[in-house]
Amino acid sequence: MENRSLVTIAEHSKEKILYLLEMAREFEKKPNRSLLAEKIVATLFFEPSTRTRLSFETAANRLGAKVIGFTDPKVTSSSKGETLKDTIMMVSNYADIIVMRHFLEGAARYASEVTHVPIVNAGDGANQHPSQTMLDLYSIYKTQGTLENLNIYMVGDLKYGRTVHSLLMAMRHFNPTFHFIAPDELKMPEEYKIYCREHNIKYVEHTDFNEDVIADADILYMTRVQRERFTDLMEYERVKDIYILNKKMLDKSRTNLRILHPLPRVNEIAYDVDDSPKAYYIQQAQNGLYAREAILCDVLGITLDEVKADTLKQQRRNRL
Ligand code: CP
């Protein structure tokens, strides 16, 4: 049987990405449906989360599914020494889909290889975060009207930030120009720069972060310095507040600029930016609901045509 897991966004074609975005748009029109009635969604979070877990669980609930899972591995038998393989095989006895966040890079891939139940990678270490990428792409599309030919500035922790790694790979279909703004300690890893070169993606690296550097940005993608990934906390202290975006820095920016951030924010966006019409990070998180409804349906084999037919059915029912 085909395994429909979502482990990395790199496996999705341009057509598949656009298809999922269209499905997300259907869900934005009408988030509440019964498409997943009788399904069980398991959310296994071996690392902390607010948005990803809650938006997946909201998506499942709004689609009529039931949710099981855990938010703290310490209260599970993994704290007694149960392996990830055994945990996944056990949960596969109960659930139709497993949404998993894990601290180990490659954990989602591994999980997808030990079960027939589809796995959705909700973040694996510093590696990938494909569902975040779908909501990022949806947010970019909604705010720019296109995904093509954009200047995308990624700022902050480009070494450990899995959201920027996934977004970079997904954007290969859309001819972006990337600007990577990071201190030397947190530069975009070589493997992703090689990926850019292999896919003819233009990129420029910067260490300065000021209003002139970001003046021609369409998207300013801010990131948090990922304290939990540092082995040397002195190094974290040195770099944690290196870039802080404030409202004044937007003075020369394009009118179409939108500021994204996967959140949580720590210190890297000053609160005075929140009032700017260019700040989009809260709406971005809301888009996560629609993108994740699309992901759950797609992974469970529900097609865009079925979603559209459901929309029409609802509209007819409302007219009666
Ligand atoms: N963007 C994101 O992954 O947020 P959470 O860690 O709160 O899930």
Side-chain angles (χ1 to χ4, degrees), residues 6-9 20 24 41-62 67 69-74 97-108 111 119-140 142-143 152 154-171 186 219-230 236 240 245 258-269 273-274 279-296 299:
L6 175 58
V7 171
T8 166
I9 202 74
L20 286 173
V41 176
T43 56
L44 312 187
F45 277 70
F46 292 85
E47 271 196 332
S49 166
T50 296
R51 276 146 295 275
T52 308
R53 184 177 67 80
L54 291 179
S55 60
F56 264 120
E57 294 188 357
T58 305
N61 280 301
R62 289 197 180 278
V67 178
F70 56 81
T71 58
D72 179 358
K74 286 203 288 293
I97 180 169
I98 297 173
V99 178
M100 184 180 81
R101 171 170 289 185
H102 202 282
F103 46 86
L104 286 179
E105 295 171 24
I119 301 288
V120 175
N121 182 5
D124 60 328
N127 188 29
Q128 294 283 310
H129 196 346
S131 68
Q132 176 72 42
T133 300
M134 286 312 304
L135 77 91
D136 291 344
L137 293 173
Y138 190 52
S139 300
I140 294 170
K142 277 176 70 176
T143 60
I152 300 184
M154 295 176 161
V155 183
D157 186 349
L158 307 187
K159 178 179 180 183
Y160 297 119
R162 56 194 171 201
T163 65
V164 291
H165 301 159
S166 284
L167 182 58
L168 178 155
M169 291 176 132
M171 286 302 298
L186 299 176
I219 294 292
L220 188 57
Y221 195 100
M222 301 296 297
T223 65
R224 168 181 74 91
V225 178
Q226 310 249 313
R227 183 179 189 276
E228 65 274 28
R229 312 264 178 242
F230 281 74
Y236 169 74
K240 67 176 186 183
L245 178 70
R258 290 297 176 273
I259 302 154
L260 303 187
H261 190 314
L263 304 177
R265 138 174 73 178
V266 181
N267 222 9
E268 55 282 350
I269 302 180
V273 178
D274 292 3
Y280 194 75
Y281 26 92
I282 302 300
Q283 299 96 313
Q284 179 188 359
Q286 184 183 23
N287 290 334
L289 170 61
Y290 316 126
R292 289 179 170 125
E293 287 190 282
I295 289 168
L296 290 178
V299 168

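Order of listing sets the numbers, starting from 1, for every ligand and every atom in it. A quick note: this is a predicted structure, and the numbers were derived from the prediction, not measured. We're numbering straight along the sequence, starting at 1.
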Salt bridge (Lys or Arg N to Asp or Glu O under 4.0 Å) contacts touching residues 156-168 (sequence neighbours left out): E47-R162
Distance-only donor-acceptor check, side chains R292 and S131, under 3.5 Å: yes
Taking only residues two or more places apart in sequence or in another chain, which ones pass side-chain hydrogen bond (donor to acceptor under 3.5 Å, both in side chains) with R51? none
Mind checking side chain to side chain contact (heavy atoms under 4.5 Å, CB included) for K142 and listing every partner two or more places apart, or none if nothing turns up? E28, Y138, Y280, N287
Distance alone, cut at 3.5 Å: any donor-acceptor contact between the side chains of D124 and Q128? no
Students should find this: residues with any non-hydrogen atom under 4.0 Å from ligand 1. What is the answer? S49, T50, R51, T52, R101, H129, Q132, P262, L263
Stepwise side chain to side chain donor-acceptor pair (under 3.5 Å) test for T163 and Q132: CA-CA 7 Å; T163 65; Q132 176 72 42; over 6 Å; no
